[in-house]
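Take a look at the structure set out below.
Predicted model, so just to flag it, every value in this text is computed and none were measured.
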Amino acid sequence: MILLNETRKKILSIISEDGRANLSSIAKKLGISHVAVRKHLMKMLETNFVKIKALINPEIMKLRLAIALIEAEDYK
């Protein structure tokens with residue numbers, strides 16, 4: 001299990017807002033070196049704590065969110 005310390009929480013917060021943020025800009029915001037940021041990111045990627053994926057913009061595609069709530073006795 002990977003330890004999610006404050007630095008990693010901040011890194012995740014930054015890349016969740018801007019997935020294209022480079023190591024230097026993240027490092028500057030956190031007051032650490034870009035090498036440290038890379039080590040944190042690589043560790044999170046190696047342990048599958050973080051996965052890199054592309055997301056679509058539902059607004060551009062004019063998609064709407066629909067939620068269906070279902071009550072069940074168990075997961076089966």
Side-chain angles (χ1 to χ4, degrees):
M1 180 92 169
I2 187 168
L3 179 64
L4 189 58
N5 61 25
E6 286 303 312
T7 300
R8 290 181 180 170
K9 286 179 186 177
K10 290 176 183 175
I11 292 170
L12 290 174
S13 176
I14 292 168
I15 62 174
S16 68
E17 289 294 319
D18 179 8
R20 292 180 167 222
N22 61 44
L23 298 177
S24 296
S25 67
I26 296 170
K28 186 180 271 189
K29 290 177 183 179
L30 300 180
I32 60 177
S33 71
H34 70 282
V35 175
V37 172
R38 184 179 187 283
K39 285 181 180 180
H40 283 290
L41 281 171
M42 293 307 294
K43 187 65 174 177
M44 289 188 284
L45 287 166
E46 289 168 2
T47 58
N48 288 323
F49 188 80
V50 170
K51 292 185 179 184
I52 298 174
K53 295 187 178 228
L55 299 175
I56 61 167
N57 185 343
E59 293 173 359
I60 288 178
M61 298 183 69
K62 299 193 185 326
L63 298 175
R64 295 180 186 231
L65 176 64
I67 298 174
L69 300 175
I70 301 171
E71 187 173 329
E73 290 182 29
D74 60 27
Y75 68 92
K76 293 180 183 179

* To do: Please answer: with hydrophobic residues joined when any side-chain heavy atoms are less than 4.5 Å apart, are L65 and M61 in the same cluster?
  => no

* I56 atom CD1, over 12 foreign heavy atoms within 6.0 Å -> yes

* Test K43 against every option in T47, L45, L41 by the side chain to side chain contact (heavy atoms under 4.5 Å, CB included) rule and name the one that passes. =>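 In the set T47, L45, L41, the residue that makes a side chain to side chain contact (heavy atoms under 4.5 Å, CB included) with K43 is T47.
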
Donor-acceptor list for residues 21-32 side chains, cut-off 3.5 Å, not counting sequence neighbours:
residue : atom : partner : partner atom : Å
N22     : OD1  : S24     : N            : 3.2
N22     : OD1  : S25     : N            : 2.7
N22     : OD1  : S25     : OG           : 3.2
S25     : OG   : N22     : N            : 3.4
S25     : OG   : N22     : O            : 3.0

* Asked: How long is the span from the CZ atom in R20 to the CD1 atom in I15, to the nearest 0.5 Å?
  -> 14.0 Å

* Say you draw a straight line from CD of E17 to CG of L12; how long is it, rounded to the nearest 0.5 Å? -> 12.0 Å

* **S13 side chain to K9 backbone, donor-acceptor under 3.5 Å** =>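 Flag not set: sc S13 to bb K9 has no pair under 3.5 Å.
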
